[in-house]
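Working notes, structure below.
By convention in this document, chain letters (A, B, ...) are assigned in the order of the sequence lines, proteins followed by strands, and residues within each chain are numbered from 1.
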There are 2 protein chains.
Amino acid sequence: MLKDIIENNENYQPGLSIDCVIFGFHDNQLKVLLIKVDRNPKWSLPGGFIPIDQDIDTAAVTILNDRTGVDGIFLRQFATFGKVKRNDQHFDKKVLEYLEIEEAKGKWLMRRFVTIGYYALVDFLKTIPKPSSDREIVEWIDHKEVPELILDHKEILDKALNTLRTELNLMPIGYNLLPEKFTIPELQKLYETILDKKLDRRNFLRKITNIGILKKLDEKKSNVAHKAPNLYSFDKEKYDEVLKNGLNQGW
Amino acid sequence: MLKDIIENNENYQPGLSIDCVIFGFHDNQLKVLLIKVDRNPKWSLPGGFIPIDQDIDTAAVTILNDRTGVDGIFLRQFATFGKVKRNDQHFDKKVLEYLEIEEAKGKWLMRRFVTIGYYALVDFLKTIPKPSSDREIVEWIDHKEVPELILDHKEILDKALNTLRTELNLMPIGYNLLPEKFTIPELQKLYETILDKKLDRRNFLRKITNIGILKKLDEKKSNVAHKAPNLYSFDKEKYDEVLKNGLNQGW
DNA sequence: TTTAAATGTGTTATTATGACGCAATGTACT
DNA sequence: AGTACATTGCGTCATAATAACACATTTAAA
């Protein structure tokens, strides 16, 4: 895979890559999809290169699709990272030998790479993490327990989470992270988890209801050890309208 | 200049550029610093390439400094643009001939370039627009009268302005665009110009005052054809604090 | 049947916002 | 010198949004 790309590197945008921070929500945890390649003890964000005949946004969608099997995804570019030393010594001679890549071809990889960060919000249960080879492990990891990552991937992840927190004040987000039917307490947990902060149940209900993007269903959640909460779904039309116009006008 | 870069293109990050949207405020107009090169009838955003031994942020600062002579500037990366056809036919054979660049070397320029967009807020009066050669015109242009721009520069400019509008709801901005001493009505005009919307004088005063970033000076503006407005300056310490923590908490 | 743990539906006090009114002030004009 | 004009500074009031909190209801399990 990587070897193929390197040996045909003239088909890819030079010195540029894409890294995706893929968020999911499960068990009241904000999860991040991470990858571990056997030769490296550290984990990394799923990423890839940009074919010269593809828009960068298209390339990002492709990477996401390949890893998660989900499409129709919420995907946003949030920042581009380009410190001179960001991938210093990531592909050194030893790694190239290991990958059986000729030194001449490998030079392409040893230069500074600038990477474009995208973050995605996906429905955890609809996602099937797909390793791109048998040397690779793909796993959902609680964002609070992310292990050491390669290069500046921790910085990229942090920036993505900060962006998500800010966006939470500007637009609704649950549509992409929750299943079709959900309860208000579940939605609240999602907000609390992202913001890392407790919210008042009753005030949350009022605020989220006032936005006008929820449809109360004639159905209750079953198999709960307490009063059964009502199920809701999003009113997609109004949801998209709010997404477009934003939540707070401010001035 | 460009010729030098092309002939030494191994010293620059391949396929990547930076474009800056530089905003200033003057005569109640939001101005944008634009460039016209004689060989091209269209205007463009000031931009440049990234030396392989420079962080992208540093390269952006350099571009900005070269064009405006101002340093200690507010500069933010806001998006990266990479459609496949974004610079199609921008540097064709004719242009290369005109620039006296060999075709072989010129190939570097004919590929798709991905460009990283930065926007800057600068003090109009402290800025001295500097052409980088005598073939170049650098000018402040009212953002409402921006002429046709090359490539996707209009899209980049629009995105920068939209980002600025959003940021206005998340943080204070006047510090970078206004002189040290200013009046509340001036600050309000700035907000109105950026948002393209009238605000109520009295409510604006209340809101901006409540943020707690203004220092009322013991001084009035002179030479005005009406009641002399009071002068204010920013309390830099509190200003930076609000910049860091954000304006609206939302949730 | 009782209990524990949530949920659904309020209430109240406080604060923020939007829409105004009116007096004060500095310049320009008669 | 006096008045008109444009604009500033300060204030009010009704309404909406927010934070803090109380109480009854429902479900599964003890």
- Query: Could you give the CG-to-P distance, from B:L231 to D:dG9, as a whole number of Å?
  - Reply: 10 Å

- Sorted by chain and number, sequence neighbours left out, side-chain hydrogen bond (donor to acceptor under 3.5 Å, both in side chains) with B:N203 holds for B:R206

- Confirm from the modelled atom types if A:R206 and C:dG10 form a donor-acceptor pair under 3.5 Å, side chain to base only. no

- Message: What contact category does B:K216 fall into here, base, sugar-phosphate, or nothing, at under 4.0 angstrom with non-hydrogen atoms?
- Response: sugar-phosphate

- Message: As a test of understanding, state which of A:W140, A:F25, A:F23 forms a ring-ring contact (aromatic ring centres under 6.0 Å, His included) with A:F124.
- Response: A:W140

- Return the 5'-most residue of the pair B:T183, A:N210 with respect to DNA chain D, ranking by each residue's nearest nucleotide. B:T183

- Message: What is the separation between atom CZ on B:F204 and atom P on C:dG18, rounded to the nearest whole Å?
- Response: 13 Å

- Specify the separation, in whole Å, of atom CD of B:Q249 and atom C1' of D:dA17. 16 Å

- Quick one: list whatever passes salt bridge (Lys or Arg N to Asp or Glu O under 4.0 Å) with A:K236, sequence neighbours left out. A:D240

- Query: Nearest-Å distance, NZ (A:K189) to P (C:dT7)?
  - Reply: 6 Å

Throw together a table of side-chain donor-acceptor distances under 3.5 angstrom for residues 243-251 of chain A, partners on residues two or more places apart or in other chains.
{"from": "A:N245", "atom 1": "ND2", "to": "A:E241", "atom 2": "O", "distance (Å)": "3.4"}
{"from": "A:N248", "atom 1": "ND2", "to": "A:N169", "atom 2": "O", "distance (Å)": "2.9"}
{"from": "A:W251", "atom 1": "NE1", "to": "B:L168", "atom 2": "O", "distance (Å)": "3.1"}

- Task: Calculate the interatomic distance between A:I208 atom CD1 and D:dA17 atom P; express it in whole Å.
- Result: 15 Å

- Which of D:dG9, C:dG8, C:dA19 is nearest the side chain of B:P229? It is D:dG9

- Nearest-angstrom distance from the residue atom CG of B:L247 to P of C:dT17: 11 Å

- Can you name the residues that form a salt bridge (Lys or Arg N to Asp or Glu O under 4.0 Å) with A:K144, not counting sequence neighbours? A:D196

- Only counting residues at least two apart or in another chain, list the ones meeting salt bridge (Lys or Arg N to Asp or Glu O under 4.0 Å) with B:K154. B:D158

- Task: Please state how far atom CG in B:N248 lies from atom C1' in C:dT17, giving the value in whole angstrom units.
- Result: 13 Å

- Message: Each nucleotide in nucleotides 21-30 of chain D should get exactly one letter: B, S or -. Can you fill that in based on protein heavy atoms under 4.0 Å?
- Response: BB--BBBS--

- Query: Tell me: CG of A:N230 to P of C:dA6, nearest whole Å?
  - Reply: 18 Å

- Evaluate whether atom CD of A:E136 has more than 12 neighbouring non-hydrogen atoms of other residues, nucleotides or ligands under 6.0 angstrom away. yes

